[in-house]
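Quick notes on the structure that follows.
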2 protein chains.
Amino acid sequence: MTQRQNEIINAAIQLIAEKGIQGLTIKNLSKAIKVTEPAIYRHFESKTSILVAILENFKNFTATISSEILSRDESALDKIFMIYRAYYNKFTETPSLVSVIFSDEIFKNDKNLSKKIASLLSANEEMFCSIIKEGQKAKEIRNDIDNKQIALIIMGAMRLLVKKWETSAYAFDLKKEGKKLFNAIKAIIQK
Amino acid sequence: MTQRQNEIINAAIQLIAEKGIQGLTIKNLSKAIKVTEPAIYRHFESKTSILVAILENFKNFTATISSEILSRDESALDKIFMIYRAYYNKFTETPSLVSVIFSDEIFKNDKNLSKKIASLLSANEEMFCSIIKEGQKAKEIRNDIDNKQIALIIMGAMRLLVKKWETSAYAFDLKKEGKKLFNAIKAIIQK
DNA sequence: TTTTGGTTAGTGATTATTAACTAACTTAGT
DNA sequence: ACTAAGTTAGTTAATAATCACTAACCAAAA
């Protein structure tokens with residue numbers, strides 16, 4: 001990834017966040033980084049490959065944090081909190097990323113892309129499920145509810161909080177509200 | 001709403017579900033209902049007004065069920081379940097609606113539209129919050145967690161379940177899984 | 001001297017939308 | 001009952017604008 005490629009990717013994310021996928025045109029993109037339209041093609045072979053790069057970028061992020069957190073010797077609830085925090089930090093750093101990652105709409109046009117985002121979501125789900133299962137075995141998390149249901153609740157709440165943060169135009173402190181939410185979830189699921 | 005207008009709206013929802021907002025073109029739409037492109041304009045003055053009609057349609061649905069359910073003399077948990085069920089029924093009836101309603105991406109291009117969908121979400125949130133508050137007063141729902149956090153958890157889980165149902169190409173029984181989820185949430189939030 | 005990263009000018013395809021026209025049906029006046 | 005006028009819902013043909021993308025050229029850096 002060259003500097004210019006990163007610049008293009010960031011501008012693309014920004015554009016999607018502002019105007020939706022229909023706002024991501026080569027014209028808008030080139031205007032944003034102050035070059036002419038054909039200059040974009042010196043750095044990406046097509047518009048789709050820009051979207052692929054964005055997705056690949058985020059995939060790297062999730063792979064890194066999940067492998068790092070899973071390997072640690074912490075309690076299940078602590079692991080969940082660490083994942084929460086990692087996401088909130090990332091989104092606080094790059095708010096416009098939310099619009100891209102939490103919207104499969106964007107990738108619906110291209111089958112290749114929609115598969116990619118679906119696998120991202122399911123990988124995340126599996127991670128949460130396995131952490132919860134462990135927590136249940138260790139009698140840290142309540143056992144009367146299926147781990148899949150708990151994972152659904154945890155992921156769903158986080159996603160909605162982030163989505164609300166986005167629609168509020170990032171008006172509140174995501175990290176702070178995220179911590180509040182985690183405490184509520186902790187109270188609810190721990191044994 | 002004439003019959004033709006309804007036909008157009010349904011075709012539009014279908015198209016969005018299949019190919020995303022970028023698949024919703026007047027050409028595709030006219031092909032779907034087997035008329036020429038200009039014929040569409042005999043029934044809607046613009047493409048945007050079709051989206052407005054879809055949103056208005058769903059707004060009517062939510063307004064109807066919420067006024068109906070809120071007026072009943074039921075426990076808070078029962079009310080929540082009835083809301084859940086009403087949504088699941090609606091989505092089971094018109095699966096493609098999910099892609100439209102749960103995707104603000106689609107309406108991001110137009111400020112008027114994005115405001116509409118945001119107000120839909122916040123109206124829903126307020127409804128859940130007030131029901132939960134009542135349930136807390138009646139000592140039916142646990143009091144140690146803020147009603148806003150509980151609303152976030154309830155709505156978030158439902159949204160994610162529906163979203164998963166969509167990405168699975170409606171592969172499982174939404175009503176059945178919805179009931180399972182409700183039972184889990186019930187166990188978690190009741191006093 | 002070759003490579004890198006830009007430019008100008010243009011491609012064909014597609015976009016939403018409009019103009020002009022028409023057949024079929026409805027309504028009102030005689 | 002019959003005709004005239006108007007409405008409805010479609011058509012063909014065309015509009016300007018925009019889309020992603022390309023060819024050919026150029027200057028500066030390696």
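Computed from a prediction, not measured in an experiment: that's the story for all the values here.
Extent of DNA chain C lying under 4.0 Å from chain B heavy atoms, first and last nucleotide in 5' to 3' order, is C:dT15 to C:dC21.
Within the structure, salt bridge (Lys or Arg N to Asp or Glu O under 4.0 Å) contacts touching residues 59-73 of chain A (residues at least two apart or in different chains) are A:Glu68-A:Arg72. Among pairs with a residue in residues 21-36 of chain B, those fulfilling side chain to side chain donor-acceptor pair (under 3.5 Å) read B:Thr25-B:Asn28, at least two apart in sequence or across chains.
For the helix from C:dT1-D:dA30 to C:dT30-D:dA1, the terminal axes (five pairs an end, C1' atoms, rotation from four pairs onto the next four) enclose an angle of 10°, given to 10 degrees.
Across the interface with DNA chain C, nearest-nucleotide mapping of B:Pro38 and A:Pro38 shows A:Pro38 to be the residue nearer the 5′ end. Heavy-atom distances to DNA chain D give each of A:Thr48 and B:Glu37 a nearest nucleotide, and the one nearer the 5′ end belongs to B:Glu37.
A straight line from OH of A:Tyr41 to P of D:dA23 spans 13 Å, rounded to a whole angstrom. For the pair A:Glu45 CD and D:dA23 C1', the interatomic distance rounds to 18 Å; values are reported in whole Å. For the pair B:Gln3 CD and D:dT8 C1', the computed distance is 15 Å after rounding to whole Å. Between A:Arg42 atom CZ and D:dA27 atom C1' the separation is 13 Å, expressed in whole Å. Counting to the nearest Å, the P atom of D:dT22 and the CZ atom of A:Phe44 are 16 Å from each other.
A close approach under 4.0 Å does occur between a side-chain nitrogen or oxygen of B:Thr36 and OP1 or OP2 of D:dT11. Within the 4.0 Å cut-off from OP1 or OP2 of D:dT8, not a single side-chain nitrogen or oxygen of B:His43 is found.
Residues satisfying the ring-ring contact (aromatic ring centres under 6.0 Å, His included) test with A:Tyr41, not counting sequence neighbours, are none.
The distance between the ring centers of A:Phe102 and A:Phe91 falls below 6.0 angstrom.
Under the 4.0 Å criterion applied to side-chain N and carboxylate O atoms, A:Arg142 and A:Asp144 are assigned as salt-bridge partners. Note on A:Glu177 versus A:Lys180: salt bridge recorded, some NZ/NE/NH1/NH2 to OD/OE distance being below 4.0 Å.
Defined by atom type and a distance below 3.5 Å, a donor-acceptor pair is present between the side-chain atoms of B:Asn124 and B:Tyr87. Side-chain contact, B:Glu166 with B:Ser99: a donor N or O sits under 3.5 Å from an acceptor N or O. Judged purely by distance below 3.5 Å, without hydrogens or angles, the side chains of A:Thr92 and A:Asn89 never pair a donor atom with an acceptor atom.
Counting heavy atoms from C-beta outward, B:Ile65 and B:Met82 have side chains that stay 4.5 Å or more apart.
Within residues 18-35 of chain B, the residues having any heavy atom closer than 4.0 Å to DNA chain C are, in order of number, B:Leu24, B:Thr25, B:Ile26, B:Lys27.
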> Hey, mind stepping through B:Phe61 and B:Phe58 against ring-ring contact (aromatic ring centres under 6.0 Å, His included) and telling me if it holds?
Replying inline: CA-CA 5 Å; B:Phe61 163 76; B:Phe58 191 74; 5.6 Å; yes
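Distances from the side chain of A:Ser46 to the nucleotides D:dG10, D:dA13, D:dC21 place D:dC21 closest.
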